[in-house]
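Below is one structure, written out as structure tokens, with a few remarks after it.
Ligands are counted one by one from 1 in listed order, and the atoms in each one are counted from 1 as well.
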Amino acid sequence: MGKSKVLVVGGTGYLGRRIVKASLEEGHETYVLQRPEIGLDIDKLQMLFSFKRQGARLVLASFSDHQSLVDAVKKVDVVICAMSGVHFRSHNLLMQLKLVEAIKDAGNVKRLLPSEFGMDPSRMGHALEPGRVSFDEKMRVRQAIEEANIPFTYVSANCFAGYFAGNLSQMGTLLPPTDNVTIYGDGNVKAVFVDEDDVATYTIKTIDDPRTLNKTLYIRPPDNILSQRELTHKWEKLLERELDKSSLSEHDLLASMEGLDYATQVGIGHFYHIYYEGCLTNFEIGEDGEEASELYPEVNYTRMDEYLRIYL
Ligand code: NDP
Ligand code: GNU
């Protein structure tokens with residue numbers, strides 16, 4: 001059996017561009033969806049051309065043209081969608097229902113990886129508004145996939161290091177604090193941090209793997225299961241200096257949500273579930289899941305002390 005042909009949807013996005021790169025590096029015939037809607041976005045267009053120079057094939061298709069999507073997915077065995085999730089009230093993720101329709105009509109796709117790549121939405125039924133919207137949408141997409149009997153893998157990638165580790169999980173910044181770090185509660189709840197390039201590597205590893213067919217792939221590499229205090233300590237060792245710490249109570253974090261903009265409210269809800277509730281680590285991976293670093297021990301995933309060096 002040769003390597004599967006892959007179509008990446010959302011290929012110019014933050015995660016999508018890494019998935020395109022990983023797919024090419026792994027030697028898959030790689031197709032990237034080129035949406036006419038990008039219009040004058042010259043950065044996106046140039047990125048698509050750079051993919052082409054690296055060996056990818058661009059496929060023109062629009063979410064408002066069903067047949068174009070059918071034709072696009074007919075070219076490949078595997079579809080990976082990395083469409084944007086939260087941030088805006090735009091319900092982007094539900095656009096994936098059109099992709100599901102196209103895959104259903106085309107009938108040839110052996111695996112679909114919808115845009116998930118975060119917390120496991122099936123465990124977030126109780127999540128706070130407005131952050132829960134993306135989980136609800138991801139669950140609606142799952143339902144459509146499963147009703148259409150499309151083979152799938154859901155990737156639960158936990159915390160992207162760029163959003164959660166580089167800043168020691170401080171909200172509203174992507175850089176580490178220099179003096180004072182806000183610690184959520186006692187700071188001992190375990191989270192999981194993953195370098196975005198590793199998310200892409202594991203994602204590509206799994207597309208031809210029968211062990212993850214119709215399952216969730218949890219990216220939970222053991223050395224990267226860290227509390228906020230442990231993460232902070234790694235940064236302090238690099239800095240050769242200790243930071244002042246102030247604890248933020250669950251109540252104060254949630255109270256701060258009032259009156260803030262939508263994206264920040266989404267963020268506060270997510271941070272609450274991760275750092276107070278421990279939603280990334282308060283369960284064991286069951287029968288319907290697999291852990292990525294166990295399945296693919298050959299991947300030398302990035303440890304967070306290494307990751308944090310770039311911020312020095
Ligand atoms: P981006 O915001 O970078 O967007 C990805 C792509 O979505 C865009 O490049 C674009 O594709 C496509 N897109 C946006 N709007 C539309 C639309 N209306 N119709 C069709 N395509 C559209 O996404 P991210 O990489 O940040 O997010 C990808 C996934 O990862 C999401 O599910 C998100 O929830 C998750 N995530 C998880 C994080 C974590 O810490 N675990 C952090 C951030 C995201 P095109 O290339 O065609 O222009
Ligand atoms: C991360 C954010 C960072 C928001 C997930 C506001 C989906 C997930 C871990 O909501 O797009 O400061 O799981 O002030 O399932 C938000 C998104 C990041 C968090 C990024 C996300 C994580 C989405 C902020 C902030 C650093």
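- Heavy-atom separations between Gly11 and ligand 1 include at least one value shorter than 4.0 Å.
- Considering backbone and side-chain atoms alike, Ile38 places every N or O at 3.5 Å or more from each N or O of ligand 1.
- Residue Thr173 places a heavy atom less than 4.0 Å from ligand 2.
- Contact atoms of ligand 2 toward Asn158: 9 (C) (distance under 4.0 Å to a heavy atom of the residue).
- Applying the side-chain contact (heavy atoms from CB on, under 4.5 Å) test between Trp235 and each of Val181, Asp305, Leu312 identifies Leu312 as the sole match.
- In this structure, Arg142 is not positioned above the aromatic face of Phe152 in the sense of NZ or CZ being under 6.0 Å from the six-membered ring centre and within 45° of the axis.
- At least one heavy atom of Asn167 sits under 4.0 Å from some atom of ligand 2.
- The contact set between ligand 2 and Gly118, taken as ligand atoms under 4.0 Å from a residue heavy atom, comprises 8 (C), 13 (O), 15 (O).
- Remark: Arg18 is positioned above the aromatic ring of Tyr14, its terminal NZ or CZ atom under 6.0 angstrom from the ring centre and at most 45 degrees off the axis.
- Residue contacts with ligand 1 include Asn158, since one of its heavy atoms falls under 4.0 Å from the ligand.
- Of the candidates His273, His270, Met171, the one placing a heavy atom closest to atom 7 (C) of ligand 2 is His270.
- Residue contact check for ligand 2: Gly172 places a non-hydrogen atom closer than 4.0 Å to it.
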